[in-house]
Amino acid sequence: MSNQVRTRFAPSPTGFMHLGGLRTALYGYLFAKKMGGKFILRIEDTDQERFVEGATEVIYDTLRGCGINWDEGPDVGGEFGPYIQSERKATYLPYAKQLVKSGHAYYCFCTKCELDERRAAAEARGEVFKYDKHCLHLSEEEVQAKLDAGVPYVIRQNAPTTGETSYDDLVFGHMTFPNETLDDMILIKADGMPTYNFANVIDDHLMGITHVMRGLEYISSTPKYNLLYEALGWEIPQYIHMAPVMRDATHKLSKRDGDAYYSDYVEKGYLTEALINYLALVGWNPGNDREFFTMDELVEAFSVDRLSKSPGIFDVDKLTWFNAEYIRKLDADKYLELATPWFDQVLAGKGICYKRLAELMQTRTEVFNRVPEMVKFLGELPEYEAEMFTNKKAKTNPEIAKAALEMLRPVIAGIEDWTETTIHDVLMAKIAEAGMKNATALWPLRIAISGQMSTPGGAIEIAWLLGKDECLRRIDLGIAKLA
RNA sequence: GGCUCCUUGGUCAAGCGGUUAAGACACCGCCCUUUCACGGCGGCUACAGGGGUUCGAAUCCCCUAGGAGUCACCA
């Protein structure tokens, strides 16, 4: 039990769930569950200027909606709580002071303003700015005097300037960094809050995190974290850094392009299961050809050593294909339930049989937001051009189309039993009697009653959905257009 | 710029010294067919470049190029 795997997802509550973050959470969950361990949710809100109302709920709802459930977290509790960093404020300062005492950290009274100036000056000289340990050289008396005088301060890590620090990453392998590149990062801010850099180390240790899984943007600060663990006498966790999810070769998914957040996709009509399934495969693969996974199957198949080191481009086309596949596998009733609001956008009150329409639409639906445009013609005949009656393969032109419509109209008008079977049998009999190719008569009919080049279903299905009266009305309109 | 990392088709990717270099999406044909879609069949396109090591390299080493990340009192 003591060496049980414990992973955590530690998002900052911004109000949105980025797909990259969602994938990080997913992998953390999969790994913990695969290893029979625990998955912990921790909210990292140490930056009070960024507080967003309702942001933690977005995190809860998204994760739960995706089937990523945490064993410990703010709302479910756990023995290492609280799980919201702002509520843990008091726990960090003592550790920082301990570090000061042992020489691994020091008080710094340089103001942000001064530092900005020095940073700008360094940049102007074309140099990389690194804190010069100015305040490290203050005497104990000087420090105490400033503290007593209430001068604002931060606490900085005292990083070594020579030698090197290395660690083993489960994805990237052995990583080594020259210590001279390590900056004395701030541990405690002037407002008394810890920085992410510090809180994360303290909390990961206190919460017994065994495997730290996060984006590779933390790779280069990891040596500084390790120095902290060592200074505190704590065991360093295993690291699993992950390459990012990209929009294209050089850009990450972005808010600006409306393609970065989980909610963007849900609103467009992507199914959560499809999104999770696809997302799992950007940066990870099971080592075989398999592509379809439920959450439980992902847990079963997951392994850290199949995580990719290179960034993965989020391919909306592939996601859309997954979505279409998931939609096709839905029970007919479920599809109907999900499609109804989209049908309603353009067909509310039009008397169209949604059940039959749903049957017709299910194999044709890739993403739900494309549904309204596809079925709109049932509610209202769109404007269309007479040229549409001409089709080479169906061997039709305006004259032939007109003749076909005039031939079919009375037959349709005579149908008493308005069922697809009857409509089909009656029309086919008439067409055969006339010695025509099916398409030669049915193409014009479908164009006349739909006004579209392509429709979900053929002339017979469309006719039935429309009802006899509307069908005849549209045929007359078509004949008039061809006159 | 310093540091760290990455590089197989348009995209996701298999491959871990010997393969005709998988598979999927996309795209393009053909079939099915009353349109479209589904389904079936087929096709197109890849080891970033250059040096080594080796009988043999996509696989190991070096260099170059390109790309990413990082260098905040943000996380």
Side-chain angles (χ1 to χ4, degrees), chain A residues 10-12 14 44-47 49-50 85 108 110-112 115-116 119 123 126-130 152-156 169 172-173 175-178 180-183 185-191 193-197 199-200 214-223 241 243-244 246 248-252 278 281-291 308-322 324 328 360-366 374 391 393-394 424 427-428 431 437-447 450 452-462:
Chain A
S12 183
T14 59
E44 309 230 334
D45 59 346
T46 53
D47 184 3
E49 289 177 19
R50 282 215 223 168
Q85 283 182 335
C108 172
C110 297
T111 65
K112 193 166 193 292
L115 291 171
D116 286 344
R119 205 186 319 277
E123 249 172 65
E127 294 169 9
V128 178
F129 177 76
K130 195 182 150 191
Y153 68 91
V154 301
I155 295 180
R156 283 182 185 273
D169 189 290
F172 289 90
M175 309 284 287
T176 303
F177 298 81
E180 61 177 324
T181 64
L182 271 27
D183 199 7
M185 63 180 184
I186 289 173
L187 271 20
I188 299 291
K189 300 187 261 191
D191 65 0
M193 283 292 245
T195 55
Y196 162 84
N197 293 127
N200 133 326
R214 49 157 78 130
L216 54 62
E217 61 268 29
Y218 298 107
I219 278 186
S220 45
S221 34
T222 298
H241 285 104
M246 311 285 284
D248 57 47
T250 55
H251 304 276
K252 292 177 110 172
Y278 173 62
L281 263 14
V282 180
W284 173 83
N285 76 82
N288 55 41
D289 282 352
R290 185 165 177 193
E291 294 201 287
S308 175
K309 290 189 210 179
S310 47
I313 294 174
F314 189 83
D315 182 358
V316 179
D317 283 340
K318 181 96 186 203
L319 166 66
T320 299
W321 175 77
F322 266 106
R328 282 176 210 123
L360 260 13
M361 284 294 292
Q362 190 163 358
T363 59
R364 289 168 241 254
T365 306
E366 292 188 300
M374 291 171 75
N391 181 281
K393 218 178 153 193
H424 174 271
L427 290 184
M428 289 311 196
I431 293 166
K437 189 178 169 181
N438 289 340
T440 308
L442 294 173
W443 175 275
L445 176 59
R446 197 179 53 80
I447 294 298
S450 72
Q452 293 187 170
M453 291 296 281
S454 73
T455 50
I460 289 151
E461 290 85 357
I462 303 298

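First the proteins, then the strands, lettered A, B, ... as listed; each starts at 1.
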Base partner of B/G2, which must satisfy Watson-Crick or wobble distances under 3.5 Å: B/U70

Nearest-angstrom distance from the residue atom CZ of A/F129 to C1' of B/C73: 12 Å

Rounded distance in Å - NE2 (A/H424) to P (B/U34): 8 Å

Pull out every protein N or O sitting under 3.5 Å from an N or O of nucleotides 6-8 of chain B, one pair per line with the distance.
unit_1: B/C6; atom_1: OP1; unit_2: A/K309; atom_2: NZ; d: 3.2

Chi angles and distances behind the side chain to side chain contact (heavy atoms under 4.5 Å, CB included) call for A/M246, A/H251: CA-CA 6 Å; A/M246 311 285 284; A/H251 304 276; 5.6 Å; no

Interatomic distance, A/H241 NE2 vs B/C3 P [rounded to whole Å]: 20 Å

Distance test, side-chain N/O of A/T195 to OP1/OP2 of B/A72, below 4.0 Å: no

Sugar-phosphate only, base, or nothing, as touched by A/G215 at under 4.0 Å among non-hydrogen atoms: nothing

Sugar-phosphate only, base, or nothing, as touched by A/M374 at under 4.0 Å among non-hydrogen atoms: nothing

Base B/A72 paired with A/K112 side chain (donor-acceptor, <3.5 Å): no

Nearest to side-chain heavy atoms of A/R364, which nucleotide of B/C36, B/C73, B/U70: B/C36

Sugar-phosphate only, base, or nothing, as touched by A/N197 at under 4.0 Å among non-hydrogen atoms: base

Expected output: side-chain A/R119 to main-chain A/V128 donor-acceptor under 3.5 Å: no

Of the listed nucleotides B/A26, B/A75, B/A13, the one nearest the side chain of A/S308: B/A13

Length of the CD-P vector between A/E461 and B/U33, whole Å: 15 Å

N/O donor-acceptor pair under 3.5 Å between A/T195 side chain and A/I186 backbone: yes

B/A14 phosphate, OP1 or OP2, under 4.0 Å from A/N285 side-chain N/O: yes

Listed nucleotide nearest any side-chain atom of A/R119, set B/A72, B/G2, B/A26: B/A72

Touch class at under 4.0 angstrom, heavy-atom based, for A/V282 against every strand present: sugar-phosphate

Heavy-atom check, side chain of A/W284 versus side chain of A/L281, under 4.5 Å: yes

Touch class at under 4.0 angstrom, heavy-atom based, for A/L281 against every strand present: sugar-phosphate

Touch class at under 4.0 angstrom, heavy-atom based, for A/T250 against every strand present: sugar-phosphate

B/U34 base / A/R446 side chain donor-acceptor hit below 3.5 Å: no

Residue-phosphate contact under 4.0 Å: A/K130 side-chain N/O, B/G1 OP1/OP2: no

Touch class at under 4.0 angstrom, heavy-atom based, for A/A249 against every strand present: sugar-phosphate

Sugar-phosphate, base or nothing in reach of A/K393, heavy atoms under 4.0 Å: base

Sugar-phosphate only, base, or nothing, as touched by A/Y218 at under 4.0 Å among non-hydrogen atoms: base

Side chains of A/W321 and A/D315 in contact at under 4.5 Å (non-hydrogen atoms): no

Parallel, tilted or perpendicular, as decided by the 30° and 60° cut-offs, for the rings of A/F314 and A/Y278: perpendicular

Sugar-phosphate, base or nothing in reach of A/D317, heavy atoms under 4.0 Å: sugar-phosphate

Sugar-phosphate only, base, or nothing, as touched by A/T176 at under 4.0 Å among non-hydrogen atoms: sugar-phosphate

Integer-rounded Å distance: B/U70 C1' and A/D183 CG: 12 Å

Sugar-phosphate only, base, or nothing, as touched by A/I431 at under 4.0 Å among non-hydrogen atoms: nothing

Side-chain heavy-atom pair A/F129, A/L115 within 4.5 angstrom cut-off: yes

Options B/C3, B/A75, B/U34, nucleotide nearest the side-chain atoms of A/P178: B/C3

Gap between atoms CD and P, on A/E291 and B/A22 respectively (whole Å): 17 Å

Proximity to the side chain of A/K189 - top-ranked nucleotide from B/C36, B/C5, B/C74: B/C74

